[in-house]
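Both counts, for ligands and for their atoms, begin at 1 and track the order of listing. The structure presented is a predicted model; accordingly, all values stated were derived computationally and were not measured. Just so it is clear, the values below take in all heavy atoms, side chains as well, and ignore hydrogens, waters and symmetry mates. Numbers here are sequence positions counted from 1.
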Amino acid sequence: MSLEAETERAAEILAQSQHAVALTGAGHSTPSGIPDFRSPNSGLWEQADPMEVASIDGFQRNPQAFYDWIRPLAKQMMEAQPNPAHYALADLEQMGVLKAVITQNIDELHYRAGSKRVLELHGSVRTATCTRCREHLPTGEMWRAVVASTQLPHCPRCGGLLKPDVVLFGELLPAHVLEEAQQEAERSDVMLVAGSSLEVYPAADLPLRAVQAGARVIMVNYEPTPMDACAAVVIHKDVAVILPQIAAQVKTLKGQQLAASP
Ligand SMILES: [Zn+2]
């Protein structure tokens with residue numbers, strides 16, 4: 001099938017859906033200039049072993065090494081803007097088509113693009129927790145300070161070390177978020193996978209749950225994924241190019257549905 005036909009088919013499936021959900025991964029934010037920090041090609045691992053610095057053990061053993069590692073990534077996230085793929089998903093939600101975005105990303109870009117219901121499987125950089133008094137804090141100030149100096153961020157209340165609320169290697173995913181994501185997958189009749197190569201659990205498991213519950217999968221990712229064979233539509237292209245095209249076609253189709261209804 002031609003790319004045009006695949007895009008049209010994806011739009012038709014979404015326009016007819018009752019409960020579509022999206023699942024996004026690192027590839028959704030790479031057009032915004034955020035590297036996939038789990039990828040060995042991201043440039044973030046040249047001076048550090050991920051399992052060492054970005055694990056919960058590593059954080060506890062050597063927080064300085066953790067913050068030295070995350071500093072360039074934090075700077076990129078502060079400077080990043082949502083890309084057309086983020087806005088396309090926010091538009092699909094506003095049209096009433098998309099019921100939730102499940103994401104592996106920690107960068108907040110879905111919220112900043114206007115998505116309302118976002119399930120962040122790996123947490124987010126928006127808040128931090130004090131490792132001593134467990135106080136939760138918004139992180140605007142913290143990241144500015146982390147980027148500007150090599151000092152470790154401390155809790156304004158008790159002086160304890162702050163840890164961003166992102167899931168590090170060796171940490172469990174937030175249980176309530178994971179449970180909600182699994183329920184969404186099982187309730188969905190369409191799952192749009194965008195910019196995830198489905199290599200990391202539980203991302204890999206969610207489309208499978210959706211398919212087992214009878215959903216159709218639309219796959220938009222640069223690289224082939226293990227779920228391509230089960231998908232109704234597979235498009236190996238840039239999400240920032242394809243998703244806006246799909247969203248525009250869904251909008252047209254929804255308009256026609258509205259005009260045709262009595
Ligand atoms: Zn504290």
- For the pair H110 and H28, name the ring-plane relationship: parallel under 30°, tilted 30 to 60°, perpendicular over 60°. tilted

- Message: If only side-chain N and O atoms count, and only distance matters, is there a donor-acceptor pair under 3.5 Å linking T139 with T127?
- Response: no

- To the nearest 0.5 Å, what is the distance between CG (N221) and CD1 (I242)? 12.0 Å

- Neighbouring protein N, O or S atoms of the Zn ion (ligand 1) [cut-off: under 2.8 Å, no waters]: C130 SG, C133 SG, C155 SG, C158 SG

- Message: As an exercise, state the distance from CG of L109 to OG of S29, rounded to the nearest 0.5 Å.
- Response: 5.0 Å

- Message: Nearest 0.5 Å, please: how far is CG in L243 from OH in Y87?
- Response: 14.5 Å

- Message: Please enumerate all residues that pass salt bridge (charged side-chain N to carboxylate O under 4.0 Å, His left out) together with E223, with sequence neighbours excluded.
- Response: none

